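Chain identifiers are assigned alphabetically (A, B, ...) following the order of the sequence lines, protein sequences preceding nucleic acid strands; residue numbering begins at 1 within each chain. Source: prediction; values computed, not measured. Basis for what follows: all heavy atoms, side chains included, without hydrogens, waters or symmetry-related copies.
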Amino acid sequence: MNWFDITGIVSVIVLAAGLWLAGALRRRFAYPVRPLPAFTRLQRAIQDAVEGGTGVHIALGCGAMTQSEAGAGLQSLAFQRELARQISTSDYPPAVSVGDATLAWMSAETLAAASSGRGAQSDITAHDVCFSGGTPLATMAGALPRMLDRRTSSAILGGHWGSEAALLYSLHHPCEKISLAGSDDLDGQAALYAASPAALLGDEWFTSDTYLQHPGADREQNQPARNIAALILIDIMRWVFSVVVLAGVIARLAGLL
Amino acid sequence: MKLVKPLSILPIVTLTAGVIVLAGYFVDVPWLAALRNLLLEWAIVLAGMLILSGVLKLGLTHWQAAKSNNGNKLYNFVLVAAMLVTFILLVWDRTSPVWSTWLLKAVFLPIESSLVAMLAFVLLAAAVRLAFYRRDRMAVVFLLAAGLTLLSSSPAIVVQMPGMITGALRSLTLLAANAGVRGLLIGVALGAATVALRFLLGYDRPQDGV
């Protein structure tokens with residue numbers, strides 16, 4: 001075992017302990033969450049969809065579950081669970097198009113579980129989740145018909161999208177409908193930032209289910225600790241990393257490294 | 001006889017498999033590596049079967065849409081026909097891939113290339129639109145950084161500039177771009193690691209409704 005392996009094991013243990021600790025602390029203290037305009041916009045879109053009897057479409061990118069993009073895919077499941085809970089009173093269940101077949105099946109399971117758990121008005125069928133293509137551009141093209149559908153009033157881009165996501169903004173109607181756009185890919189984040197006012201940057205997609213619960217509001221203590229714990233941990237670790245990087249720069253300038 | 005609920009077994013199976021695969025990356029023990037490889041092979045076979053079922057479902061959905069009376073059926077027919085032709089050609093050609101290579105070069109690559117070419121213009125239009133709907137300091141920084149990067153990487157302009165200015169421009173954009181990329185990457189890495197741990201430790205099980 002070399003230093004790289006030891007650092008990896010220590011990092012995993014520290015993060016796991018931090019997650020547990022943040023969850024325990026969350027039960028004692030309220031944690032304020034910074035407001036993100038994209039989620040305020042999404043909440044409005046969800047309200048419009050529920051009141052207007054229209055649908056919400058989630059377009060997930062083509063990140064494979066056996067590759068490094070799996071994290072963004074797994075997060076999209078947590079996001080779908082939260083979204084399905086919030087629009088359970090709608091006439092239409094959320095429709096999902098996915099660029100990875102494994103994630104498509106997991107999405108179907110997630111939506112079915114969320115819908116049955118909350119006694120939703122509408123049942124999830126096999127047609128609500130579709131595998132829309134195996135390559136990034138095919139996934140983008142496959143997501144378009146659902147976004148153009150008159151019954152879809154709002155669309156969400158999530159998971160692993162590259163710069164091809166910007167092509168969805170070249171068409172007027174899908175562009176207006178997209179109320180949230182997040183990705184784990186840096187090219188994708190840059191393209192979405194340029195194309196959309198609803199873009200998420202950095203780690204924001206990975207805590208999207210927490211932000212969706214109450215965007216910009218102080219958490220109530222009866223909220224599930226598991227969601228907020230991840231957000232607390234990421235916020236703390238971001239400061240830790242910033243301090244370490246700055247300390248390294250200062251030490252190098254001072255000739256200590 | 002009291003049966004164990006399947007849902008209570010799932011987190012244990014997930015945790016055990018996850019820990020074995022994760023430990024296999026860090027600890028160099030032959031039996032652990034063999035076990036990790038076995039689990040990964042199972043996962044890859046399963047993923048392959050899921051792709052096949054996903055493609056079949058896509059074809060069936062479009063076939064049903066093509067048979068129905070509403071909407072434009074042309075696209076549905078084209079998709080189903082293209083899927084069938086590609087499948088037959090790939091099976092026919094599996095020993096010496098002549099037709100399947102032609103299909104890739106003559107159909108697939110030109111379509112994808114034309115979409116990529118369109119992407120350049122879409123991104124340029126998006127940058128122009130950015131100035132209108134996002135009127136804040138970060139939008140100005142974004143546009144300025146994009147402009148400077150384009151300027152410093154354009155040979156026609158770089159040749160006519162004094163060396164000192166191009167050097168300063170290039171190091172400024174490289175420095176700023178690297179700092180930004182690293183900042184975002186730290187966020188993405190932390191986010192991905194936390195999500196993985198949430199699923200691994202059973203905090204989150206959305207597919208079970210938890």
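- Side-chain contact check for B:Leu50 versus A:Met65: every heavy-atom pair is 4.5 Å or farther apart.
- Here the closest non-hydrogen pair linking A:Ala16 and B:Leu197 is N-CD1, 3.6 Å.
- The shortest non-hydrogen separation linking B:Tyr25 to A:Asp5 is O-OD1, 4.1 Å.
- Residue A:Glu69 does not touch chain B at all, counting heavy-atom pairs closer than 4.5 Å.
- The two residues A:Ala190 and B:Phe142 make their nearest non-hydrogen contact at O-CZ, 3.8 Å.
- Looking only at heavy-atom pairs under 4.5 Å with chain A, the residue among B:Leu201, B:Leu123, B:Asp28, B:Leu115 that has the most is B:Leu115.
- Summarising the geometry of B:Leu130 relative to A:Tyr193, their closest heavy-atom pair is CD1-O, 3.5 Å, with the distance given to 0.1 Å.
- Considering only heavy atoms from C-beta on, B:Thr194 stays 4.5 Å or farther from A:Phe206 through its side chain.
- The contact between A:Ala166 and chain B is made by backbone and side chain atoms together, counting heavy-atom distances below 4.5 Å.
- In terms of heavy-atom proximity, B:Ala193 sits nearest to A:Leu15 at CB-CD1, 3.7 Å.
- Contacts between A:Ala191 and chain B at a heavy-atom distance below 4.5 Å involve backbone atoms as well as side-chain atoms.
- Using a 4.5 Å cut-off between heavy atoms, A:Ser11 does not touch chain B at all.
- For the pair B:Thr61 and A:Cys130, the minimum side-chain heavy-atom distance is 4.5 Å or more.
- Neither the backbone nor the side chain of A:Val98 comes within contact range of chain B; no heavy atoms are under 4.5 Å apart.
- Looking at A:Leu233, the atoms closer than 4.5 Å to chain B (heavy atoms on both sides) all sit in the side chain, from C-beta outward.
- Residues B:Ala47 and A:Thr102 approach most closely at CB-OG1, 3.7 Å, considering heavy atoms.
- Using a 4.5 Å cut-off between heavy atoms, A:Ile234 touches chain B through backbone and side chain atoms alike.
- With contacts defined as side-chain heavy-atom distances shorter than 4.5 Å, the pair A:Asp209/B:Arg198 qualifies.
- With a 4.5 angstrom heavy-atom cutoff, A:Trp205 does not touch chain B via any of its atoms.
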